[in-house]
Amino acid sequence: MTMNAMSNSPATLTPDTKHPRIPDRGEIDERHKWDLSALYPDWTAWEADLNEFGRQIDRYATLHGSLAGGPERLLAAMKLADDVGVRAYKVWYYASLNYDQDQRDNAVNARRQQVQILMARWHQASSWFNPELLSIPLETVREWMAANTDLALYRFAIEDLYRQQEHVLDQKGERLLAFADRFDSAPTDAFSALSTADVKFPTITLSTGELVPLSYGQYRAILATNRHQADRAEAFRAFHEVYKANINTYAALYHGVLQRDWFHSQAREYKTTLDAALHGNNIPPSVVENLIETTKAGTEPLRRYHRLRKRVLGLDTYHSYDGLVPLVEFDRKYSYGDVLAWIVGSAAPLGPEYQSKLAQAFERRWIDVYENAGKRSGAYSAPVYGSHPYVLLNYNDTLDAVFTLAHELGHSMHTVLAHSHQPFVYAGYTIFVAEVPSTLNEALFLDYMLARATDELERIVLLQHSIDDMVGTFYTQVLFADYELQAHRLVEQGKPVTADALSEIYFGLLKAYHGDALDYDEASAITWARVPHFYQMPYYVYQYATCYASTAQLMHDLRSGSESARRDAVERYLTLLKSGGSDYPMALLQRAGIDLRQREPVRAVVERLESRVSQLEAEIARLL
Ligand SMILES: [Zn+2]
């Protein structure tokens, strides 16, 4: 094996061709299919429950107007809503999981839609509740909760409803805002149309003479696998040319998004668009500001990594399109049967109880492992209250697939612990916490693999995987958050929003992060134009970074200090998972020892990256 810099290996552009035929579901071993009979024995039982769901919805509608009757009435409504919720999850997931295992099945699809129709009915039938409750003074409801312990269980949910009310307008105001709903989505829809339906990518010619019709997938594949820099450069040029051709239209659409956000923030009397975005989860804006500042001050290990890559890949200049290609050629397959024990083993720092719960996922068939004809792509962990989570995979023996499994099982364990310790009303958790257990499971698994890998190439691959993950899930997301914040500030401060203004912000950030470690291409400045999150979910991506930082600090606490300090850290972490959504995410994380208003969590990521890059430098020095 060589370090494979500008090697002569051909570009691998086509998808995995080693399994040309996708098997039918019937050919897959039962052991590797999830067991949905834990939900219902058959469709007849499902149907009976679906009917009960419909009857409960009708019963709930009859409670309209009853709340002022006192604590018992309120409690009855809360309890019935919980019952409906539990049943809704169960009937929904039975149909939806059945559907995802073969999406060509029209009969199952019809059943899935039956649930959706009932869910819409439930939404409508319960819409009276919030305004009716909020018409009762909070002081009165507090007295009720003090007098009725069963009702007191709902304290956090009820208090939060009143808190959210602070920015709700009177009936006339809400009606006006509701009229705006329909054109609120116009810039986002236009972006989707322009960047997907109407987009025309060119065909490019690679150095081998091969013609490749470009698409986003192809573009990523070339950047991730093609070892000829000239080919990556060509793909990059052609890809960005497409966005450049419409750059003023993209700017106008994004301007629409910014003005929409500012309109709603002002209408609801928030000081800034950031305040408005963070109010729902009660996150202080200083969290985002601190995240951005501390990350910007911690970019040196990121630059070191790119300098190392440039050297190892033997490049004279190093561009943004050179950041993905693997440093070494290493093609190990990870069979599903092998990795299960490793994943359970890697969770040892969290204790035997956690490990045995994790093992149940494999032993009791929570997981649908392999691809089959018609199966949904990707991976997820589905929470079903009152049962156990189900995990969908399309496992293909690659290292990425193993990490996906570890990741999804992190979500599953969060579900298991939250569901077994929380009533339904608090069983769910926000995205602000959700990616902590998943990334923590991945981090534990990576440490475990690194400690055991005897092959130096495998260690390099694992280290690169870990570093690329930090770059993609943390640094890039913070850069994105910084861009979104600066762009929104343009409209908040009444400044013009043009393609040039947006490109200037983006280019400035690229330089602030990468310094002299990158050779800059003019086209990089317009990257903002093609990032769907900016148009679809403003102020969302920062949460990946805050979760990542929380995980980095937890990993630090789990690994350092005295034996008893480590045990405390484990206890605090498991308490976080068991807490579900019973409090605001900041409060839950603080109890786990993480304060995202402070620098420590972000510093923990920077330190982790520093140590990974040092390890990688050492491994590579040994090899050369
Ligand atoms: Zn996840």
Side-chain angles (χ1 to χ4, degrees), residues 34 89 93 96-97 100 281 283 291 339 343 346-347 350 354 357-358 361-362 366-369 376-385 388-396 398-419 427-447 465-478 480-481 531-533 536-537 539-555 573-574 576-581 585 588-589 592 594 596 601 605 608:
W34 53 27
Y89 264 84
Y93 274 118
S96 155
L97 299 172
D100 284 349
N281 281 333
I283 311 285
L291 173 73
V339 302
I343 287 182
S346 74
L350 299 178
Y354 184 98
K357 286 208 171 80
L358 194 55
F362 306 121
W366 298 2
I367 308 175
D368 210 66
V369 183
R376 183 194 197 277
S377 61
Y380 62 67
S381 169
V384 192
Y385 195 81
H388 55 70
Y390 284 95
V391 177
L392 178 135
L393 300 175
N394 280 276
Y395 191 86
N396 62 0
T398 60
L399 187 63
D400 277 348
V402 189
F403 276 98
T404 300
L405 172 59
H407 180 103
E408 295 308 333
L409 286 173
H411 288 309
S412 298
M413 288 304 291
H414 196 183
T415 297
V416 167
L417 292 173
H419 286 195
Y429 35 81
T430 61
I431 166 81
F432 202 80
V433 179
E435 295 303 335
V436 174
S438 53
T439 50
L440 190 114
N441 253 24
E442 283 192 73
L444 287 171
F445 183 68
L446 188 103
D447 282 359
H465 179 96
S466 164
I467 294 168
D468 289 349
D469 194 46
M470 278 190 246
V471 174
T473 317
F474 185 80
Y475 281 91
T476 302
Q477 305 308 326
V478 182
F480 282 179
V531 178
H533 269 119
Q536 290 161 355
M537 282 186 276
Y539 291 127
Y540 185 85
V541 295
Y542 83 93
Q543 301 176 104
Y544 295 125
T546 47
C547 283
Y548 211 85
S550 306
T551 294
Q553 171 154 12
L554 284 163
M555 284 299 287
Y573 174 63
L574 295 177
L576 172 70
L577 303 196
K578 291 171 189 169
S579 302
L588 295 174
L589 288 169
I594 302 151
L596 288 162
V605 182
R608 205 168 162 77

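Indexing begins at 1, ligand by ligand and atom by atom, following the structure's order.
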Practice problem: Decide, counting backbone as well as side-chain atoms, whether E408 has an N, O or S atom less than 2.8 Å from the Zn ion (ligand 1). | Solution: no
Taking T551 for its side chain and V436 for its backbone only, find out whether a donor-acceptor pair lies under 3.5 Å. yes
The side-chain hydrogen bond (donor to acceptor under 3.5 Å, both in side chains) partners of Y89 (sequence neighbours excluded) come to none
Here the gap from W366 atom CH2 to L409 atom CG, rounded to the nearest 0.5 Å, amounts to 9.0 Å
Atom name of the N, O or S atom of H407 nearest to the Zn ion (ligand 1) is NE2
In this structure, the Zn ion (ligand 1) sits at the vertex of an angle between OE1 of E435 and NE2 of H411 that rounds to 10° as 90°
Over 60° means perpendicular and under 30° means parallel, so tell me whether Y390 and H388 are parallel, tilted or perpendicular.
tilted
